[in-house]
Structure formats: C-alpha cells, structure tokens
Amino acid sequence: MRRRIRTLAVAVAAVGVLAAPATHPAPAVAGPAGGVPAVTSGPSTLPARIAVHFDPTTGQLPENITWAPDGTAYLTFAAARQVVAVDPAGRTRVLATLPAPADGGVHTPVLGFALTTGIVRTGDGTLYFLYASGDAASTGLYRLTPGQPPRRITALPATGLPNGLALDPTGRTFYLTDSVLGTISTVPLAGGPARVWSSASALAATGFLGVNGVKVRGGAVWVTNLDQGTLLRIPLRQGRPGAVEVRATGLVGIDDFAFTADGRVVAALNGPNTVVGIDHDGRTRTRTLLTGADGLQNPTSVAVRGHTVLVASAAYVTATDPNLIVATLRHR
C-alpha cells in the first residue's frame, strides 16, 4: 500500500495539475456583469483543529464525505476501497470494503488504482457511493443499507473515473461526474442504467482530471473542474441541462465543495492545500479560509452544517497525514 501511495504521488506530481505553483494567482470570480470583483487571500481565517488522523499506510485516504444529523461523518477511503463512519468522538468504523479487481486496479484510468469516491447519505440512513476500478464487473454506483453488504445498483464505464455524487431529492435522481470522460450522468434513486446528462466542453479534462465535485441547489447542478480550475452552474430546464455558467475561475486544483445555508460556497483546493470561501452562489469575492498551517494535507472534500465545516484531507501528494479537520465559519 505504501508503494501504491508513493506511485500515485509521483503520477500526480508529474502531471503537475495538483501541485501548487510557487506563486499562484488569486482566484478570479466572475461577477454578475462579467467583471472581476475584489479577491481576498492570505492566511487562514477560521478557528480549526484536526479531529482525526488517519493511517496512509493502510490506504486511509479520505476522498469524499457526507454528514448525518447525529454528527457522524461518513467517508470513502480511496486507496483502501472502503466506506467508513467516524463518530463525533473520532472513532472510525469500517462499514464496507470493496474487493479489488483481478488486476489489482492497475487499469483504472489515469490513477492506476481502484478507489471509492463520491458518497451520499439519504434520510433513512442508506449510503450510496461510487467505485472506480477500471473493471466493467465492479465500476459503478453502490447502495449500502445498514446491516447489509454493499450492492451495485448501476454499472458505469470502466473506461471512466466516476468521482462526484449528488442527489436531487425532489427528482429522486442522482447526478454523478466522470472526471476522465468529462460527463455528468443521471441515475434514478432506485438504480438502473446511467444516462449522460451533459458532456459540455467545460466539463472536460485538459491533462489530468476534469469535472469533479457536484451539488444540486436552487434549480441547478453545480460542479467543479479540477484541470480548468472552475466552479460551474448548469440550470435544470425541466430535467435537461441549460447553458453552462462559469461562476468562478482561477481555482487551482479545485476538488469538491459544499454550500452554506446562506448560499456561500466552501471549496477544497487540493494541491495548494487550501480551503476557500466564495460568497453568494459564486458571484462575489473569494477568500482563503484554511491553509496547510491548519493541518490541510491535499484537501479533497468538505461538509457544512450551520457554522461548522468538516474538511477531509487525503494527503495524496504529501503522503504524511491524511486527516479530518473541524472548523467554525465566522458569522457574517
């Protein structure tokens, strides 16, 4: 496992997309009239602490996160191919481990190892998550019912890398991103065939990984593009995609993100070891919220409840301290 993590770090660094440049430009955010409003950056601004340290030697690299009402965080451990629960006291419990494909996952596109990625929890406690293995027999969307083994409910292309997962509860529809194929697909809550919903050029990779995180909010599907450093909004037009709106640019290595109750975006910038806030649904200024000084180790995903933020760090490149950070958003 240690060799696999080193190999991944070398591959990512060689591509150079996630590695933060010595001096990178501050994120530019497109305003309502097409201008670029002021951007603030600098040291972290949120009170934060590392709540849990994970073990990189066993593949405990947290890729995605969802949060239950009782305070339990559910995460995917990418390299361990696992879904785990972390209770409010910091205790970690493995809920499922996906079997490795016969080739060990070396044919997983771009990354070369099988990994669990996006995760969603529904109100009845059921977990849904994605598995990318480079193997047609196992790549797909899975359902994990409490007390039951995981079950694949949708097969996905082994030539792709399913990554982000979001549920639109009103339409009982999943939206999932593929970072290699550059697509957003839909799947009914009950499972069944995936249908490509959008393959717009704004979703494409330009060297490493394209469309990544995904959320459904305010009559639109929101996604990030890691290679292009963008936050995108795609209106839902009676279930069909409208024109892609670029809401923010210059977000180097952007991975997953979350919305606060008042519409702010909190996003993880993987390579720069930064979490940023983007005000008002992406239309105003961007500011640095957390940095490596707070313990970030290649942050991959965030979850928000009230004024509390959870940040998962996978340490893909640092290979030092994958962790879970708890921070407090300041009142506005």
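Computed from heavy atoms alone, side chains included, the values below leave out hydrogens, waters and symmetry copies.
Proximity of a side-chain donor or acceptor of T173 to a complementary backbone N or O of G171 within less than 3.5 Å is detected. Side-chain atoms of Q228 come within 3.5 Å of backbone N or O of A204 as a donor-acceptor pair. Not a single donor-acceptor pair under 3.5 Å links the side chain of T308 to the backbone N or O of G306. Judged by distance alone, with hydrogens and angles left aside, the side-chain atoms of D294 form no donor-acceptor pair with the main-chain N or O of G292 at under 3.5 Å. Side chain of T139 to main chain of D135: a donor-acceptor pair is present (N/O by atom type, distance under 3.5 Å, no hydrogens or angles). For D87 (side chain) and R91 (main-chain N/O), a donor-acceptor pair under 3.5 Å exists by modelled atom type. Under a 3.5 Å cut-off, the side chain of D227 and the backbone N or O of L209 do form a donor-acceptor pair. Put simply, the side chain of N298 never gets that close to the backbone of S313: no donor and acceptor are under 3.5 Å apart. A donor-acceptor pair under 3.5 Å is absent between the side-chain atoms of N163 and the main chain of T177, judged by distance alone. Not a single donor-acceptor pair under 3.5 Å links the side chain of T183 to the backbone N or O of S185.
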Exercise. Is there a side-chain hydrogen bond (donor to acceptor under 3.5 Å, both in side chains) between D256 and N212 once you walk through the steps?
Worked result: CA-CA 7 Å; D256 203 5; N212 197 312; over 6 Å; no
For this session: Show your reasoning for whether side-chain contact (heavy atoms from CB on, under 4.5 Å) applies to L95 and Y74.
Result: CA-CA 9 Å; L95 304 178; Y74 295 91; 3.8 Å; yes
For this session: Show your working on side-chain contact (heavy atoms from CB on, under 4.5 Å) between Y128 and V187 and close with a plain yes or no.
Result: CA-CA 12 Å; Y128 296 83; V187 175; over 6 Å; no
For this session: Start with the C-alpha distance between T117 and Y131, add both sets of side-chain angles, then the distance that settles side-chain contact (heavy atoms from CB on, under 4.5 Å), and finish with yes or no.
Result: CA-CA 6 Å; T117 54; Y131 183 42; over 6 Å; no
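There is a side-chain donor-acceptor pair under 3.5 Å between S133 and S138. A donor and an acceptor atom, one from each side chain of T97 and Q82, are located under 3.5 Å apart. Judged purely by distance below 3.5 Å, without hydrogens or angles, the side chains of T318 and Q297 pair a donor atom with an acceptor atom.
Cluster membership for V223 and L176, using ILVMFWY side-chain heavy atoms within less than 4.5 angstrom, is not shared. Neither L127 nor W67 shares a network with the other; the hydrophobic side chains, linked directly or stepwise wherever heavy atoms of I, L, V, M, F, W or Y lie under 4.5 Å apart, form separate groups for each. Connection of V302 to L329 is established within a shared hydrophobic cluster, with ILVMFWY side chains joined at heavy-atom distances below 4.5 Å, either directly or through further cluster members.
Across T159, V211, L156, a single residue satisfies side chain to side chain contact (heavy atoms under 4.5 Å, CB included) together with L181, and that is T159. The only member of V266, L296, L324, L46 that meets side chain to side chain contact (heavy atoms under 4.5 Å, CB included) when paired with V311 is L296.
From T66, atom OG1 reaches atom CG of L165 across 9.5 Å, with rounding to the nearest 0.5 Å.
Separation of the F257 and W222 ring centroids does not fall under the 6.0 Å cut-off.
Residues that satisfy the salt bridge (charged side-chain N to carboxylate O under 4.0 Å, His left out) test with R151, not counting sequence neighbours, are absent from this structure.
In R305, the CZ atom is crowded: over 12 heavy atoms of neighbouring residues, nucleotides or ligands sit closer than 6.0 Å.
F174 places a side-chain heavy atom less than 4.5 Å from the side chain of L141. Contact of the P62 side chain with the P322 side chain is registered, since non-hydrogen atoms from C-beta on lie closer than 4.5 Å. At a threshold of 4.5 Å between non-hydrogen side-chain atoms, the residues I153 and Y142 do not count as touching.
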